[in-house]
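Predicted model, so just to flag it, every value in this text is computed and none were measured.
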Amino acid sequence: MAMSILLFVSLSGFLTSVVRRFLPLLVMEPDIRWDDIKGRGIGIFKYFFGQIRFLRPFERVHGIAHVMIFWGALVVTLSTIQMVGRGFVPDFHLPGFGPTKIGLSYIFLKDLFSLFIIAGCVIAFCNRVFLRPARMILSLEALIILIWIFSMMMMDLLYEGTLFILSPEHPESRAAFLGMAIKNLLVAMGLTAESVSYTHLRA
């Protein structure tokens with residue numbers, strides 16, 4: 001029940017934000033968008049997936065951080081969907097993403113790109129707070145977003161670590177190198193399967 005309420009509230013807030021940003025498009029004059037399919041397709045790969053605008057010399061440090069977070073978010077999204085599903089079904093996974101070669105390869109990539117996101121957040125935070133390029137505004141909203149993204153990644157790794165403590169033979173433990181590192185750290189701190197289960201029951 002709590003998972004359903006949390007999911008409803010978060011998705012409602014997200015959709016409200018998206019709709020508010022798309023409404024201005026409804027009052028803009030029509031434009032031809034199918035005149036150069038090849039050129040526009042190349043542009044999507046260059047500017048959306050490639051994010052090359054953020055790699056210009058005058059903003060390269062922040063641009064690299066942005067690209068790391070952007071690409072990391074694309075990869076981690078599948079894991080986020082699986083985690084939402086596990087809020088209802090403990091062993092939920094997307095089709096083909098279970099204990100298979102594809103699934104375990106993805107888990108490895110997910111941990112790798114989670115590391116990219118964490119590093120990108122740290123770089124972007126330091127760039128905004130300490131380096132302070134002349135054209136960059138010290139925005140409280142931007143800092144909150146960076147801290148929020150960083151915290152989500154850490155919570156994801158904490159979830160993996162505690163999952164592997166509760167289920168030492170879990171298939172994902174064979175590929176989740178960051179999750180295993182967190183598990184070993186938590187075990188070294190004295191956390192046991194019994195204490196994790198007790199905390200889960202209290203929550």
Side-chain angles (χ1 to χ4, degrees), residues 1-31 33 44 47-51 53-54 59 62-95 97 103 106-107 109-129 135-163 172 176 178-179 182 196 199-203:
M1 183 63 178
M3 183 65 186
S4 299
I5 294 174
L6 181 61
L7 188 60
F8 175 78
V9 171
S10 59
L11 288 178
S12 298
F14 172 73
L15 289 176
T16 300
S17 177
V18 170
V19 170
R20 182 161 50 87
R21 285 166 170 76
F22 270 91
L23 284 178
L25 297 178
L26 300 179
V27 297
M28 300 176 76
E29 293 190 13
D31 189 16
R33 297 286 179 173
I44 290 175
Y47 299 109
F48 179 73
F49 291 109
Q51 298 282 298
R53 288 190 184 276
F54 290 95
E59 61 178 356
H62 193 73
I64 290 173
H66 175 88
V67 171
M68 293 171 74
I69 296 172
F70 172 81
W71 272 100
L74 290 182
V75 174
V76 170
T77 294
L78 293 178
S79 176
T80 302
I81 295 173
Q82 292 195 138
M83 288 185 68
V84 171
R86 289 176 182 179
F88 300 96
V89 181
D91 295 324
F92 174 83
H93 57 77
L94 294 170
F97 281 78
Y106 170 72
I107 292 299
L109 286 176
K110 189 271 297 181
D111 269 26
L112 180 63
F113 278 85
S114 294
L115 191 59
F116 286 173
I117 295 176
I118 292 170
C121 287
V122 172
I123 292 171
F125 184 89
C126 292
N127 192 48
R128 284 183 175 274
V129 175
R135 61 179 296 276
M136 184 168 290
I137 300 173
L138 184 59
S139 167
L140 178 61
E141 180 182 7
L143 295 180
I144 291 175
I145 291 172
L146 286 173
I147 294 172
W148 184 264
I149 295 173
F150 179 87
S151 300
M152 287 194 299
M153 291 299 99
M154 297 308 296
M155 290 299 102
D156 180 69
L157 296 179
L158 183 61
Y159 160 78
E160 275 192 340
T162 54
L163 173 65
E172 293 180 4
L178 279 183
I182 296 298
V196 173
T199 302
H200 173 71
L201 292 173
R202 288 290 299 275

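- At least one side-chain heavy atom of Val76 sits less than 4.5 Å from a side-chain heavy atom of Met153.
- For the atom pair Phe92 CZ and Ile81 CD1, the distance stands at 8.0 Å (nearest 0.5 Å).
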Output, in order, the C-alpha distance, side-chain angles, deciding distance and verdict of side chain to side chain contact (heavy atoms under 4.5 Å, CB included) for Ile149 and Ile145.
-> CA-CA 6 Å; Ile149 295 173; Ile145 291 172; 3.8 Å; yes
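- Scanning all heavy atoms of the two residues, the minimum distance from Asp156 to Ser114 falls at OD2-OG, 4.2 Å.
- Considering only heavy atoms from C-beta on, Arg128 comes within 4.5 Å of Leu143 through its side chain.
- Minimum heavy-atom separation, Gly120 to Ala65: O-CB, 3.4 Å.
- Using cut-offs of 30° and 60° for the angle between ring planes, the Phe113 and Phe116 rings count as perpendicular.
- You'll find the side chain of Ile117 stays beyond 4.5 Å of the side chain of Met68, heavy atoms only.
- Distance CD1/Ile107 to NE2/His93: 10.5 Å, rounded to 0.5 Å.
- Residues Glu160 and Ile182 have side chains not in contact (no heavy-atom distance under 4.5 Å, counting atoms from C-beta outward).
- Distance check, rounded to the nearest 0.5 Å: SG of Cys121 to CH2 of Trp148 gives 13.0 Å.
- A donor-acceptor pair under 3.5 Å is absent between the side-chain atoms of Tyr159 and the main chain of Met83, judged by distance alone.
- To the nearest 0.5 Å, atom CD of residue Gln82 and atom CG of residue Leu94 are 4.5 Å apart.
- Within the 4.5 Å cutoff, the side chain of Ile118 has heavy atoms near those of the Leu157 side chain.
- Using the six-membered ring where Trp is involved, Phe49 and Trp71 have ring planes that are tilted, between 30° and 60° apart.
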Going through the distances and angles, do Ser17 and Arg21 end up as a side chain to side chain donor-acceptor pair (under 3.5 Å)?
-> CA-CA 6 Å; Ser17 177; Arg21 285 166 170 76; 2.6 Å; yes
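- Within the 4.5 Å cutoff, no side-chain heavy atoms of Thr80 are placed close to those of Met152.
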Would you sort out whether Arg86 and Glu172 count as a salt bridge (charged side-chain N to carboxylate O under 4.0 Å, His left out), showing the intermediate values?
-> CA-CA 14 Å; Arg86 289 176 182 179; Glu172 293 180 4; 2.5 Å; yes
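- In this structure, Ser151 OG and Leu158 CG are separated by 11.5 Å, a value rounded to the nearest 0.5 Å.
- Using a 4.5 Å cut-off on side-chain heavy atoms (C-beta onward), Leu140 and Ile144 make contact.
- Leu146 contributes atom CG, which lies 9.5 Å from atom OG of Ser139 (distance to the nearest 0.5 angstrom).
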Can you list the steps and then say if Val75 with Leu112 is a side chain to side chain contact (heavy atoms under 4.5 Å, CB included)?
-> CA-CA 10 Å; Val75 174; Leu112 180 63; over 6 Å; no
